[in-house]
Amino acid sequence: MRALTGLSQWFDRRGWRDLIIGLPYVWLLVLFLLPFLIVLAMSLATRTPTAPPFGYGGDNPLLNFEGYARLFTDDLYIRSFLTSLMNAGVATLFCLALGYPMALGLTRISAGWRGILLMLVILPFWTSFLLRVYAWMGLMGRNSWFNGLLTDLWNWVTPEAWALGHIPMMQTNFAVVLVMVYTYLPFMILPLYANLERLDRALDEAAMDLGSRPFRVFVDVTLPQSVPGIIAGGLLVFIPAAGELVIPTLVGDAGMPMIGRVISDEFASARDWPMASSVAVVLLILMVGPTILYSRFNARAEGSGPLEAQK
Amino acid sequence: MAADGAGAAPFIQIEGVSKFFGTFPAVRDVSLSIDKGECFALLGASGCGKTTLLRMLAGFEEPTSGSIRIDGQDMTRIPPWERPVHMMFQSYALFPHMSVEKNVGYGLKHEKMTRAQRRDRVAEMLDLVQMSGLGSRKPHQISGGQRQRVALARALARQPKVLLLDEPLAALDKKLREHTQFELMAIQARTGVNFIVVTHDQEEAMTLADRLAVMDKGQVRQVGRPLDVYENPNSRYVAGFLGTVSQFEGRVIRAEGGTVTLSVADFACEISVASPLDTRPGEVLTLALRPEKLRLTRERPEGPNTFPGTVKDLAYFGKDSLYRVILPSGGLISAHAVNARRGAQAPDWDEALWVSFEPGAAILLRD
């Protein structure tokens, strides 16, 4: 009985706090770090014809770096890494170019419209992601009205020698980028909106008051203060886009695979789990880099954020 | 300061300006003339339209009707970035991502100046507000009072014709307010720039301004020098807003030679008041009494306007005390007494006293 009271006293004193702080760590430990360690271990194993198709010891060395070595010698991996980075980079830039004005617009309209438009930004998530990709496949196909329209436009603006029967959109990196921009646009808009929305409008007025026209105000005041939002949105788009599997598989160029496709193929078709794991580990390291940079930047920006400065 | 419209056109002329937000009239038919070099205050409770009027002067709002002229130029439809008017914002609105120097020099980007001239001007401005040496700090690295100085320097850097100050002292603590108040006045005198101060704080308005306008519900109720508006308010609203008053209703008995005699139900005596008002016998007017104009004595003094009362409440502030005296009728009157002598036996709770005032000390109001 006394032990129980002691326990409940300890719990009242600091239990809830520790529990609440601890839960996310437990979550990360069990669902991220542990699986990652398994993948890391797998990447150092040797491929075997058993099930599961990898093993240690026996004839095999305990640590096998062959997968990592192949990453840098076989140009399939290097090319697919580069394709991934390029596609994800271009998609991120387009998301930024499209999402920034939308996010800025959201902060400048009446509260009623803001609610409706914010809902419209999130609305596509309510239908299946696959369904939306298939819809784009239909639109980009050679016989669709969308392709026809773009083809007519192309033939109208370019010289006759360049005339096309239809624009080859499917199975290109263009298609991959287009669908990724469409899919990931909300991930750019929402953090940017959150950032822009808390900026002090009096600062805009102050800049205007001191002689700056609205565009100048944007460049001098709004843009520099929205850098944290741009970085947050950029990472939220870039990281999943770089590892994207479904979109390049469905609409992409099989001759220029993205890294997600390579991992999937190594796992499923080639049944080379150690190789697939090596690729996955390197991809993760590549992605962790910018994330760390971001949190560094964020920590520094905390001290000079617009809210802080007004206190 | 010269009176309104004496000969030459006033430096700032606001004519019949109204501003509607939807159907809500924020500012209604305001006309004001402000002379060059004047420090003018717009005083009123929150929501009285003073800030809207200031924003129209800055160009952030466009008047629904009426016109604003500054130095002979029609400013009504000129965008804020082309006005020779700068504003010191209530929140200071310093750019958080720029250093103090960059903040102060921001407006100078639009001037045709060499880099050296710009640097000199920034240094000169920082010197004016005693912030030299802190130019490389970021706004979040300096104190609230220092931020205010930077905001002032930034607004003055381009040498505006008019400086608008939105509640300039509201965010400062009491000690700093008094100091800053005098400093603002000194800077105004040194630069000769027209100051227009918006404030809800009557003390701030009275000390800073050469003239002030009391606003209520979008309209200007009274314009004048602080002294004139305080001593001769034209309405119960102005009398009550500027300082404290005790108000009583009185019926006119007779009026002769600038002296009105009233019977006031709350006082057990007839009251004589010197007033320029043209009154008729039988008319009901408001008698407004400022606390500092009343005398409290233990002995019944000679002279008119003397009536008894009992101390109900007293607040001791050190330099003075505020008494709330209950009258035989049950009405309350506030009286101030300066604690001029140490060790003097001041009236205490529940003490019976005589209240008296000079005929010239009271104000008669019709509105």
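Order of the sequence lines fixes the chain letters, A, B, ..., with proteins taken first and strands second; residue numbering starts at 1 for each chain.
Remark: A:Phe94 CZ is loosely packed, at most 12 non-hydrogen atoms of other residues, nucleotides or ligands lying under 6.0 Å away. Sparse packing is recorded around CZ of B:Arg190, with 12 or fewer heavy atoms of other residues, nucleotides or ligands lying under 6.0 Å away. Within 6.0 Å of NZ in B:Lys161 there are more than 12 heavy atoms belonging to other residues, nucleotides or ligands.
Between A:Leu203 and B:Phe95, the closest heavy-atom pair is O-CE2, 3.4 Å. Between A:Pro214 and B:Trp81, the shortest heavy-atom distance links the atoms CD-CH2, 3.4 Å. B:Arg158 and A:Gly211 make their closest contact through NH1-CA, 3.3 Å (heavy atoms, listed as atom of the first residue, atom of the second, distance). In plain terms, the two heavy atoms of A:Ala202 and B:Ser91 that are nearest each other are CB-OG, 4.1 Å. In this structure, A:Ser212 and B:Tyr106 approach most closely via the heavy-atom pair OG-OH, 2.8 Å.
Ranked by heavy-atom pairs under 4.5 Å with chain A, the first of B:Arg83, B:Met98, B:Met88, B:Lys109 is B:Lys109. Of the listed residues (A:Glu205, A:Arg216, A:Met208), the greatest number of heavy-atom pairs within a distance under 4.5 Å of chain B belongs to A:Glu205.
In this structure, chain A has a heavy atom under 4.5 Å from the side chain of B:His110, while its backbone stays farther away. Within the 4.5 angstrom heavy-atom criterion, atoms from both the backbone and the side chain of A:Asp220 approach chain B. Both the backbone and the side chain of B:Arg154 come within less than 4.5 Å of a heavy atom of chain A.
You'll find the side chain of A:Asp209 reaches within 4.5 Å of the side chain of B:Phe60, heavy atoms only.
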